[in-house]
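In what follows, chains are A, B, ... by sequence order, proteins preceding strands, each numbered from 1.
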Protein chains: 2
Amino acid sequence: MTSADTPRSGQPKSRLSRDIVLAKALELVDAEGLEALSMRRLGLELGRDPMSLYRYAQNRAALLDGVAELVLDDLSIEPSDPDWKAQLRKIAHGLRRQALRHPNAVPLLVTRPLSTPLGLRPLGTLRPLEQILSLLVAAGFEPADALHVYRAYYGFLYGHILNELQEFVVDPEENEALLRLGLHRLPAKDFPWLRALAPALAEYDGEAELEQGLAILLSGLEAQLTRQTAGSGA
Amino acid sequence: MTSADTPRSGQPKSRLSRDIVLAKALELVDAEGLEALSMRRLGLELGRDPMSLYRYAQNRAALLDGVAELVLDDLSIEPSDPDWKAQLRKIAHGLRRQALRHPNAVPLLVTRPLSTPLGLRPLGTLRPLEQILSLLVAAGFEPADALHVYRAYYGFLYGHILNELQEFVVDPEENEALLRLGLHRLPAKDFPWLRALAPALAEYDGEAELEQGLAILLSGLEAQLTRQTAGSGA
DNA sequence: ACCACGATGTCTACACTGTAGACTTTACCC
DNA sequence: GGGTAAAGTCTACAGTGTAGACATCGTGGT
């Protein structure tokens, strides 16, 4: 036999590792969507028997969790930034960027946590939460209030991402055409505004929209903070 | 043979209909989760051959869309309410209620739209959008701004729902115990705040939280409105 | 050099999935 | 009654996740 087996595809048969598996999985999801990520397909992509994957993830579900973790791990948070609002803005844009980079993985980010009790989630998923709490407490919020702020903030952020991805239609170029085409199908009688707003929908600027929403929310939250530290000046 | 065939389960074999199929599907999802909803299982539940379902939904995917639509159809929106903020609050609480009533279906609400271009979605899914736009325009927003407001509002709303369901842990009674148990597992060194906030997490009041976030957001949005109608008073 | 042992990868098999296509049964109208 | 379209069924195929037994590899000790 030749020196390299050159299996169906992929590398010349070095040892596998969790990172390699997850990376390939994410690659596959990015390229062909979540449905394409089956154990067999991933095995084929790695030039290995599908069963070998179970050494690196207990389940398909666990594998999906791993992929989600991988996407989130690219977020860098600095919990000691004195300008908490700026830091939250930075994080928000970072997450948005990841979402746009891996749109097919977004359902995972949003959906997997729903099936796992908070405390049992992969640590990578919990770290942002912890770090943001720390950031907020350092900024002067009472711990309990930090939790409220976190919820308002992260809620808005996830919501925005879902919104943006829904409108963007993952398809790259023919965006506008597709969008208008779709809207054109709507009965004009029942959907006058949606149809009228088709051009506006096509010009959607997610980044600006996010920034604007954050501005409203963060200044509102800040108002709470000053009101509170002024009021209960123990 | 006896007068009634009494199949595996369900009714005595009357005619099927889309509504019946979808209702049973939602029932099944509520009871056993999304994964339990297979064509074969649903067929069995209805006492019919699985293949008969394809008369009422082209696909399994279409069936899932139908279930999502069913959940959303319970929302009632009054686009002519003069108090737009109150109306938006009412809608928000309505959606939250549906989400808590059908937690297993929430991934559908959040995920299905991601795989369908906006204009091609089931009309039931688009109606809320249209109605809210109409509400906002009636309240004095420029159409384009109405779209921005809608996005900020719906983004926040969906985000909140995801947040709340994540923390609530669908399991009914042993909530607090489970939660604490989970958190207790976290390394105290890396997750001090999360652990410290375990009690606060257990007391999560989703309704109040939603109300508070909405208050911040809506008053911020209203400020935009007054600023705008005052400024460009043509 | 050899052997042994634990980690890594493979094979086989089972129960289950969605759904295409041809078929049978049912309900209803003239 | 006869005809026709809809509703329901049957069979079959290609694909899925994964348990359990097995083979192979890499690295340690002696």
### Query
Taking for each residue the nucleotide of DNA chain C with the nearest heavy atom, is it A/D49 or B/A61 whose nucleotide lies nearer the 5' end?
A/D49
### Message
If you apply the rule side chain to side chain donor-acceptor pair (under 3.5 Å), what do you find for A/E209 with B/H148, and how did you get there?
### Response
CA-CA 7 Å; A/E209 199 97 20; B/H148 293 279; 2.8 Å; yes
### Summary
In whole angstroms, the gap separating P of C/dG9 from CG of A/L46 amounts to 10 Å
### Task
Report the distance from atom CG of A/L44 to atom P of C/dG9, rounded to the nearest whole Å.
16 Å
### Message
Which residues pass the side chain to side chain contact (heavy atoms under 4.5 Å, CB included) test with A/T111, not counting sequence neighbours?
### Response
B/P107, B/T111
#### Entry: B/Y54: side chain to side chain contact (heavy atoms under 4.5 Å, CB included) partners, not counting sequence neighbours
B/M39, B/M51
#### Entry: Contacts of type side-chain hydrogen bond (donor to acceptor under 3.5 Å, both in side chains), residue A/Q131, not counting sequence neighbours
none
### Task
For B/R96, check salt bridge (charged side-chain N to carboxylate O under 4.0 Å, His left out) against everything at least two apart and list the hits.
B/E164, B/E207
Between N or O atoms, less than 3.5 Å apart, protein on one side and nucleotides 16-18 of chain C on the other: list the pairs.
unit_1: C/dT17; atom_1: OP1; unit_2: B/S38; atom_2: OG; d: 3.0
unit_1: C/dG18; atom_1: OP1; unit_2: B/M39; atom_2: N; d: 3.2
unit_1: C/dG18; atom_1: OP2; unit_2: B/M39; atom_2: N; d: 2.9
unit_1: C/dG18; atom_1: N7; unit_2: B/R40; atom_2: NH1; d: 2.3
unit_1: C/dG18; atom_1: O6; unit_2: B/R40; atom_2: NH1; d: 3.2
unit_1: C/dG18; atom_1: O6; unit_2: B/R40; atom_2: NH2; d: 3.1

### Query
Given D/dG8, is OP1 or OP2 found less than 4.0 Å from the side-chain N or O atoms of B/Y56?
yes
### Rounded distance (Å) that lies between atom P of C/dG9 and atom CG of A/L53
9 Å
### Query
Mind checking what makes side-chain hydrogen bond (donor to acceptor under 3.5 Å, both in side chains) contact with B/Q87, not counting sequence neighbours?
B/D81
I'd like a table of donor-acceptor pairs (distance under 3.5 Å, sequence neighbours excluded) in which one partner is a side-chain atom from residues 65-72 of chain B, with atom names and distances.
unit_1: B/D65; atom_1: OD1; unit_2: B/R112; atom_2: NE; d: 2.9
unit_1: B/E69; atom_1: OE2; unit_2: B/G124; atom_2: N; d: 3.1

### Message
What is the separation between atom CG on A/L16 and atom C1' on C/dT10, rounded to the nearest whole Å?
### Response
13 Å
Where do N or O atoms of nucleotides 23-29 of chain C meet protein N or O atoms at under 3.5 Å, pair by pair?
none

### Counterpart residues, ring-ring contact (aromatic ring centres under 6.0 Å, His included), relative to A/Y158 (two or more places apart)
A/Y154
